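Before any comments, here is the structure.
Computed from a predicted model, the values in this text were never measured in an experiment.
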Amino acid sequence: MSAFDWARLLLLGAIWGGSFFFARVAVFEVHPLTLVLFRVAIAAAALHLYLAVRGPSFRLALPVAGSLLLLGLINNVLPFSLIFAGQTQMGAGLASVLNATTPFWTIIVANAFTADEKVTWNKVAGVALGIAGVAVMVGPGIVASLGGPVWAKFAMVGASLSYAVALVFARRFKAIPPAVVATGQLTAATVIMIPLVLFWNGPTGLFEASAPVWAAIVALALVSTAFAYILYFGLIGSAGATNASLVTLVVPVSAVLLGFVFLAERLEPFEVAGMLLIGLGLLTIDGRILRRR
């Protein structure tokens, strides 16, 4: 990846590091499916406004509307629902480790369905180091979060696998501006979620969350969804599916560093060790230093 791709990856990881916090706050008062609807609907509305003011035209998405509907299903509706449901029964430590398996699944899917993203030793070794780094960084917290129902763990793994399939599928939208793809995907996800939420929960109490929860929902939608997906699709177009999936290794690092910088949380030695392992994994995947050696 280029230096710009790495910068975009790190920024995306920092943004999505905050999404777990926002979701954790909101899920205590809002049903997981309703939270998915609010997240994608607010983000879609914001992006439509952005395109109306800045362009390009959303009409570019119309010829691939069917593909965007499928992308909205496998990249938003399915993984968001599984993650939010799993977070109701699972600690954040184990959730972050299971979410970090996304690059592993992406390597497998990309190897099977693409011609230019085949399995290489440095990809496998780098991803293994990265997942190990996330586990080490969580430290004692992972032991505390091992309890809970098995379905919650399978939900998180299912979300990671869904993300992997979506990453490879999204390669077909390279010719369309990232903002248009993000808008189309989130609009499609909203169309899917509205009847699903009304059938599952009904309209009663749909907007009864407290002010702090609404603040978390809006931040989740505007920053961690609308803006983040513009970065995300641009990264897939320039760096490929496997490289874009590495953001899930950066997310827990950014979450810990944000807590250290802004909340004065203590940085534990095992967290530093985990970050070093993740960094080594990313360097191994990049491969340039090893080639020079």
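- Here the side chains of Thr225 and Phe22 are not in contact, with every heavy-atom distance at 4.5 Å or above.
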His31 vs Trp200, side-chain contact (heavy atoms from CB on, under 4.5 Å): CA-CA, chis, key distance, verdict: CA-CA 10 Å; His31 188 277; Trp200 195 270; 3.8 Å; yes
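- Between the OG1 atom of Thr102 and the CE atom of Met156 there is a distance of 8.5 Å, given to the nearest 0.5 Å.
- Nearest heavy atom pair, residue Ile236 against residue Ala170, reads CD1-CB, 3.9 Å.
- Nearest heavy-atom pair across Asn111 and Lys118 is O-NZ, 2.7 Å.
- Counting side-chain heavy-atom gaps under 4.5 Å among Ile, Leu, Val, Met, Phe, Trp and Tyr, the cluster of Leu78 also holds Leu82.
- If you take OG on Ser245 and OH on Tyr232, they are separated by 8.5 Å, rounding to the nearest 0.5 Å.
- Aromatic pair Tyr163/Trp105: centroids not less than 6.0 angstrom apart.
- Between Leu277 and Gly133 the shortest heavy-atom distance is CB-CA, 3.6 Å.
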Test log, rule side-chain contact (heavy atoms from CB on, under 4.5 Å), inputs Leu246 and Val250: CA-CA 7 Å; Leu246 300 178; Val250 181; 5.7 Å; no
Stepwise side-chain contact (heavy atoms from CB on, under 4.5 Å) test for Leu51 and Ser57: CA-CA 6 Å; Leu51 291 181; Ser57 172; over 6 Å; no
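- Applying the salt bridge (charged side-chain N to carboxylate O under 4.0 Å, His left out) test to Arg8 and every residue at least two apart in sequence or in another chain returns Asp5.
- For the atom pair CG (Leu68) and CG (Leu73), the distance works out to 12.5 Å, reported to the nearest 0.5 Å.
- Between Trp16 and Tyr229, the ring planes are perpendicular. Angles over 60° get that label, and only those under 30° would be called parallel.
- Atoms OG and CD1, on Ser224 and Ile217 in that order, are 12.5 Å from each other to the nearest 0.5 Å.
- Around the CH2 atom of Trp151, the shell of radius 6.0 Å holds more than 12 heavy atoms that belong to other residues, nucleotides or ligands.
- Taking the side chain as every heavy atom from C-beta outward, Asn76 and Ile192 never approach each other to under 4.5 Å.
- In this structure, the separation between NZ on Lys174 and CZ on Phe233 is 14.0 Å, given to the nearest 0.5 Å.
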Thr183 vs Tyr50, side-chain contact (heavy atoms from CB on, under 4.5 Å): CA-CA, chis, key distance, verdict: CA-CA 9 Å; Thr183 307; Tyr50 172 83; over 6 Å; no
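- Side-chain atoms of Thr101 do not come within 3.5 Å of backbone N or O of Val157 as any donor-acceptor pair.
- Interatomic distance, Leu186 CG to Asn75 CG, rounded to the nearest 0.5 Å: 9.0 Å.
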